[in-house]
Amino acid sequence: MQAVTEYLLSRLAGLGIEHVFGVPGDYNLPMLDFVEDHPDLQWIGSANELNAAYAADGYARVKGLGALVTTYGVGELSALNGIAGAYAESVPVVHVVGAPPIEMQRWHAPVHHTFCDGDFDRFPRIAAQVTAAQANLTTENASDEIDRVVEVAVRSRKPVQIFVPRDVSVANVRARNKIFNIGTSKRADNGQLTAFRQHAETFLASATSVSLLVGHFVDRYGARKELRWIMESGVVWAAVLSMAKGVVDETDPNFVGLYAGSISDRTTREAVEEADVIITAGVLLADTPTGGFSHRLDPNRRIDLGVDDASIAGKTYEGVPLAEGLKAIAQVLHAHPASHATVFRRSSNGKPQSVDRPQPDACLTPDLFWKRLSRNLRPRDMLFADQGTAFYGALNIALPAGADLIGQAVWASIGYTLPATLGAMLADPSRRAVLVIGDGAAQTTIQELGTFIRLGLKPLIVILNNDGYTVERAIHRPEAAYHDIARWNWSSIPAAFGADDTVRFLRAQTNAELDRALQVAEIEQRLVFLEVEMEPQATPKFMDRLIDSMMKGANKSLDVRSERQAMP
Ligand SMILES: Cc1ncc(C[n+]2csc(CCOP(=O)(O)OP(=O)(O)O)c2C)c(N)n1
Ligand SMILES: [Mg+2]
């Protein structure tokens with residue numbers, strides 16, 4: 001026998017979780033005792049529940065699963081935006097909520113953190129809207145329900161919620177030894193898979209050029225290995241959508257850049273759209289990643305590899321999981337490589353466009369900043385870029401091999417990346433983390449800086465201080481006061497969050513200052529907090545193109561309907 005919480009924690013630890021994020025409350029305190037005493041788990045107290053959810057999301061993106069514990073009502077609702085973001089971006093997070101004791105719930109008692117109307121189903125109803133599965137534990141159902149929802153999280157790559165009444169959390173259940181494997185997806189239908197491979201073979205036989213457009217599901221469903229195998233064939237030109245930047249090795253000669261519909265670089269766009277066969281792998285063709293639905297991917301020339309099925313020019317093969325689909329394509333391409341095109345020939349090198357040569361004393365612009373920062377990135381770095389000018393600047397740089405860009409391209413909640421960086425660093429301490437976040441976004445989640453300092457983590461954190469909400473200025477009435485924010489003294493922020501000499505503060509306003517600051521950061525052994533000042537209306541060129549295209553796209557609700565895909 002073991003306590004319900006012990007059982008739950010053994011499940012999480014068995015799936016590779018080593019850190020649990022969250023905020024205590026009287027309904028979850030007995031659970032936290034078990035976390036505290038667990039030999040393989042470390043409690044990471046967060047400044048608030050939203051940050052905990054973001055941190056668990058960042059952790060899950062690197063480790064495959066994340067977890068947080070909050071209290072009833074006040075705690076879980078504070079986490080809700082982070083949980084919904086995990087859903088939108090397909091990140092498996094287990095959200096455990098300490099709930100009032102089960103007898104209180106049965107009496108409909110007017111207890112704290114409720115509306116005192118006896119409705120204990122209200123918050124589970126909310127959770128059902130933003131999670132793939134929910135469980136209300138009782139002593140009778142606890143082990144079955146824990147297994148059921150954790151399995152949903154792992155298989156669907158979506159968040160789940162588990163309500164654990166305080167008394168149930170310490171009650172005994174029978175232990176079991178069921179094993180889950182992260183990375184498992186639905187089993188392939190062998191007949192369908194064979195039919196798909198044969199069709200792909202004939203479909204590709206006469207193609208002299210093949211493009212491959214990669215989306216984030218390739219990462220979420222653990223299919224990077226199969227993708228690399230395709231790249232090794234040397235006969236496809238690969239591009240990524242913004243949600244998948246870093247999934248293809250950008251130093252590969254056949255990597256052709258970021259595809260975002262009409263706002264892509266011309267060479268990238270032509271390589272993707274004009275190939276004889278266009279293969280899409282695990283893509284989500286949402287508005288921002290497609291430059292406002294401006295993608296042109298001829299359905300008749302397409303092979304689409306979805307999460308659970310694949311299709312060729314509209315003919316669908318059910319039961320072909322993404323990794324299997326990629327493997328089948330790799331087999332076909334490796335069997336007849338000579339018949340397809342070879343190395344991609346770049347007219348303007350296929351990589352992001354260069355920007356003007358910087359003047360040392362000139363004020364920094366986003367494009368100059370990113371050009372300089374990208375020189376400092378190393379293989380396997382984790383680069384985080386928050387919504388705002390940061391994310392759109394980051395999309396336009398070339399990443400070193402094995403480096404990843406982490407951000408929220410679709411949910412796009414400002415402030416996400418600061419706690420997500422914390423989570424990701426704990427998930428893989430061997431990788432360096434570089435975070436670039438706007439002043440507006442940072443003001444929403446900056447409290448988690450205290451946790452970095454408390455844990456002795458040493459990322460490079462860059463605050464882009466452009467005096468407010470620059471991306472919003474670019475969209476609508478740049479001079480409006482609602483784009484302004486309080487002017488913080490960023491140099492005193494680290495001390496306010498507990499730094500003594502554990503943080504190095506730097507500031508840069510010109511190219512020369514940025515150069516010096518990054519040289520210092522390169523050798524600094526402490527957390528580096530770098531404030532980069534820019535003009536309030538300085539925007540990355542890529543973002544200008546995106547906003548322009550999105551505005552046009554919004555006016556014509558176009559062929560989106562014909563492009564609408566099954567969301568996994
Ligand atoms: C939680 C949330 N609230 C509001 C928005 C709308 N929004 C998108 S970008 C942005 C401004 C970001 O400002 P900042 O972080 O300073 O970045 P900048 O564009 O100035 O570089 C806002 C308010 C959002 N995406 N998420
Ligand atoms: Mg700003």
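For ligands, and for the atoms within them, numbers begin at 1 and follow the listed sequence.
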**Asked** Once you round to the nearest 0.5 Å, how far does CD of Gln134 lie from CD of Gln161?
**Response** 7.5 Å
**Residue, atom name and distance, where the atom is the protein heavy atom closest to atom 3 (N) of ligand 1** = Ile414 CG1, 3.8 Å
**N or O pair under 3.5 Å between Gly468 and ligand 1** = yes
**Nearest-0.5 Å distance that lies between atom NE2 in His295 and atom OH in Tyr259** = 7.0 Å
**Item:** N, O or S atom of Asp467 closer to the Mg ion (ligand 2) than 2.8 Å
**Value:** no
**Reported CG-to-CD distance for the pair Asn466 and Gln537, which is rounded to 0.5 angstrom** = 10.5 Å
**Prompt:** To the nearest 0.1 Å, how far is atom 11 (C) of ligand 1 from its closest protein heavy atom, and which atom is that?
**Reply:** Tyr469 CD2, 3.3 Å
**Item:** Asp439, N/O/S atom nearest the Mg ion (ligand 2)
**Value:** OD1
**Distance-only polar pair, side chains of Glu472 and Tyr482, donor-acceptor under 3.5 Å** = no
**Request:** Number the atoms of ligand 1 from 1 as they appear, then name those within less than 4.0 Å of a heavy atom of Gly438, with their elements.
**Result:** 14 (P), 15 (O), 16 (O), 17 (O)
**Prompt:** Is Val471 in polar range of ligand 1, meaning some N or O pair under 3.5 Å apart?
**Reply:** yes
**Message:** Which residue and atom name correspond to the protein heavy atom nearest atom 23 (C) of ligand 1, and how close is it?
**Reply:** Glu472 OE2, 3.6 Å
**Fill in**
Between Asn466 atom OD1 and Gly468 atom O, the angle centred on the Mg ion (ligand 2) rounds (to 10°) to 100°
**Message:** If I take atom OG1 from residue Thr421 and atom CG from residue Leu435, how far apart are they, to the nearest 0.5 angstrom?
**Reply:** 4.0 Å
**Message:** Contact between ligand 1 and Asp439 is defined here as a heavy atom of the residue under 4.0 Å from a ligand atom; is it met?
**Reply:** yes
**Item:** For the student: nearest non-hydrogen atoms of Arg380 and Arg431, plus distance
**Value:** O-NE, 2.7 Å
**Message:** Would you say Ser46 and Asn51 are linked by a side-chain donor-acceptor pair, where the criterion is simply a distance under 3.5 Å?
**Reply:** no
**Prompt:** Got the closest protein heavy atom to atom 15 (O) of ligand 1, with its distance?
**Reply:** Ala441 N, 2.7 Å
**Message:** Restricting to non-hydrogen atoms, name the atom on Pro494 and the atom on Phe529 that form the minimum distance, rounded to 0.1 Å.
**Reply:** CG-CD2, 3.7 Å
**Request:** Determine the interplanar angle of the His113 and Tyr27 rings, folded into 0 to 90°, and report it as parallel if under 30°, tilted if 30 to 60°, perpendicular if over 60°.
**Result:** perpendicular
**Message:** Taking 4.0 Å as the limit for heavy-atom contacts, which would you say applies to Ser413 with ligand 1: side chain only, backbone only, both, or neither?
**Reply:** both
**Nearest non-hydrogen partners of Thr268 and Gly257, listed with the distance** = CG2-C, 3.9 Å
**Complete:** In ligand 1, the atoms that come under 4.0 Å of a heavy atom of Gly388 are 17 (O), 19 (O)
**Request:** Could you tell me whether Thr470 and ligand 1 have an N or O pair separated by under 3.5 Å?
**Result:** yes
**Prompt:** What protein heavy atom is closest to atom 21 (O) of ligand 1, reported as residue, atom name and distance in Å?
**Reply:** Thr389 OG1, 2.6 Å
**Request:** Number the atoms of ligand 1 from 1 as they appear, then name those within less than 4.0 Å of a heavy atom of Gly440, with their elements.
**Result:** 14 (P), 15 (O), 16 (O)
**Asked** Is the closest N or O pair between Ala412 and ligand 1 shorter than 3.5 Å?
**Response** yes
**Asked** Would you call Asn466 a ligand 1 contact, heavy-atom distance under 4.0 Å?
**Response** yes
**Message:** Quiz question: by atom type and distance under 3.5 Å, do the side chains of Glu522 and Asn376 form a donor-acceptor pair?
**Reply:** yes
